[in-house]
Student: 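Sharing a structure below in structure tokens format, with a few things to ask.
Note that ligands are numbered from 1 as they come in the structure, with each ligand's atoms numbered from 1 the same way. When reading the values below, keep in mind they use all heavy atoms of this one structure, side chains included, and skip hydrogens, waters and symmetry mates.
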Amino acid sequence: MSGYRGRFAPSPTGPLHIGSLVSALASYLDARAHRGAWIVRIEDVDGPRTVPDAARDILSGLARFGMHSDEPPVWQSQREAAYEHAFDRLQATGLIYPCGCTRREIADSLLNAHARHATLAYPGTCRDGLHGRAPRAWRLRVPDGEAAHARFVDRWQGAQAQDLATEVGDFVLKRADGVWAYQLAVVVDDAEARITHVVRGADLLDSTARQIYLQQCLGVPTPAYLHVPVVTNEEGEKLSKQTGATALDIDDPVATLAVAARHLGIEIRDAGSLDAFYAAATAEWAKRFGP
Ligand code: GLU
């Protein structure tokens, strides 16, 4: 095996659907093309959104499609101590602060700001103190000016730029309901698992600059990123259970995988077996994204 370490990190909100299968397949093919490790992480940090049995359904679905984690799957719900530790480190550097704003207040101030043609970033109301209000969420300070200009090159989407100060603002690391924010959990977990390559859906492209900034704040390496196009329905919405994703045909996994591969621009006809499918699909993927 090479030093490559990749992962697939589903949120257990329902069984696999074509959108999540495409992300799983892309991360799996990239790991195979690099002769690396592929690790599944169940992102169940957000307890309230977690659907009972969904994680089990996802893992058995992946197995049916011939994708097996090279290491025991990581469960975010068991990693609270690691998030707490990272949070404490950030707190010690003075980079985080409590925020007393309600969603309503933020929405109102954004509406006002929008009327003045400003952007939709958190306006920084609590940066310099809670103004007598009770703390709710905890936010990470982003830099101002030139230092806020984040740039990275995505292996699929190309050069990306985001101004953290004007497009994002100080972002939440711990939510008002006490749940660790996705941004913190994903950065801590990718670092701990020594993930070298992140391959996932393009709906997360917008989170990447925040994650890179958080990696810098924590002094951990930044992996390479590749964001595959999201699968959408006819209305152009990201496919999910809510937007009409139908159950996958797992009786004919090779045919279903061929459909997923087509979303990645890979045409595999009549592979006949999972092994033949993966051999052909990995070779195709490697032509574009191989080492
Ligand atoms: N859990 C996220 C999702 O299912 C993916 C997170 C990631 O790949 O960074 O959308």
Student: Could you tell me if the side chain of Gln160 sits less than 4.5 Å from the side chain of His227, heavy atoms only?
Tutor: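 Side-chain contact under 4.5 Å: no.
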Student: With the threshold set at 4.0 Å, does a side-chain nitrogen-carboxylate oxygen contact exist between Arg194 and Asp190?
Tutor: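 No, Arg194 and Asp190 are not salt-bridged.
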Student: Going by the order shown, which atoms of ligand 1 are within less than 4.0 Å of some heavy atom of Arg7?
Tutor: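 In order of numbering, the contacting atoms are 7 (C), 8 (O), 9 (O).
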Student: Only heavy atoms of Val186, strictly under 4.0 Å: list the atoms of ligand 1 that pass.
Tutor: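 Listed by number with element, the hits are 9 (O).
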Student: Looking only at protein heavy atoms, which one is nearest to atom 1 (N) of ligand 1, and how far off is it?
Tutor: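 For atom 1 (N) of ligand 1, the nearest protein heavy atom comes out as Glu43 OE1, 2.6 Å.
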Student: To check your reading of the model: name the closest protein heavy atom to atom 10 (O) of ligand 1, its residue, and the distance in Å.
Tutor: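 Scanning the protein heavy atoms, the shortest distance from atom 10 (O) of ligand 1 goes to Leu204 CD1, 4.1 Å.
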Student: Do the charged groups of Arg127 and Asp144 touch, with an N to O distance under 4.0 Å?
Tutor: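 Asp144 and Arg127: salt-bridged.
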Student: Any nitrogen or oxygen of Ala9, main chain or side chain, under 3.5 Å from a nitrogen or oxygen of ligand 1?
Tutor: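 Looking only at distances, the answer is yes, because the N/O contact criterion of under 3.5 Å is met.
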Student: Would you call the rings of Trp138 and Phe87 parallel, tilted or perpendicular, taking 30° and 60° as the class edges?
Tutor: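 Taking Phe87 first and then Trp138, their aromatic rings stand perpendicular (interplane angle over 60°).
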Student: May I ask you to identify, for Val198, whether its side chain, its backbone, both or neither come under 4.0 Å of ligand 1 on a heavy-atom basis?
Tutor: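 The answer is neither; Val198 stays 4.0 Å or more away.
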Student: For atom 3 (C) of ligand 1, which protein heavy atom lies nearest, and how many Å away is it?
Tutor: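 Its nearest protein heavy-atom neighbour is Ser11 OG, 3.6 Å.
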Student: Considering only heavy atoms of Tyr182, which atoms of ligand 1 have at least one such atom less than 4.0 Å away?
Tutor: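 Matching atoms, with element in brackets: 6 (C), 7 (C), 9 (O).
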Student: Please work out which of Arg41, His227, Arg200, Gln183 has its closest non-hydrogen atom nearest to atom 9 (O) of ligand 1.
Tutor: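 The residue whose heavy atom sits nearest atom 9 (O) of ligand 1 is Arg200.
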Student: Ile39 versus Phe8: any side-chain heavy-atom pair under 4.5 Å?
Tutor: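 Sidechains of Phe8 and Ile39: no contact.
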Student: Between Arg155 and Asp30, is there a side-chain N and carboxylate O pair less than 4.0 Å apart?
Tutor: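 Salt bridge between Arg155 and Asp30, a charged N being under 4.0 Å from a carboxylate O: yes.
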Student: Over 60° means perpendicular and under 30° means parallel, so tell me whether Phe171 and Tyr213 are parallel, tilted or perpendicular.
Tutor: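 Geometry flag for Tyr213 against Phe171: perpendicular rings.
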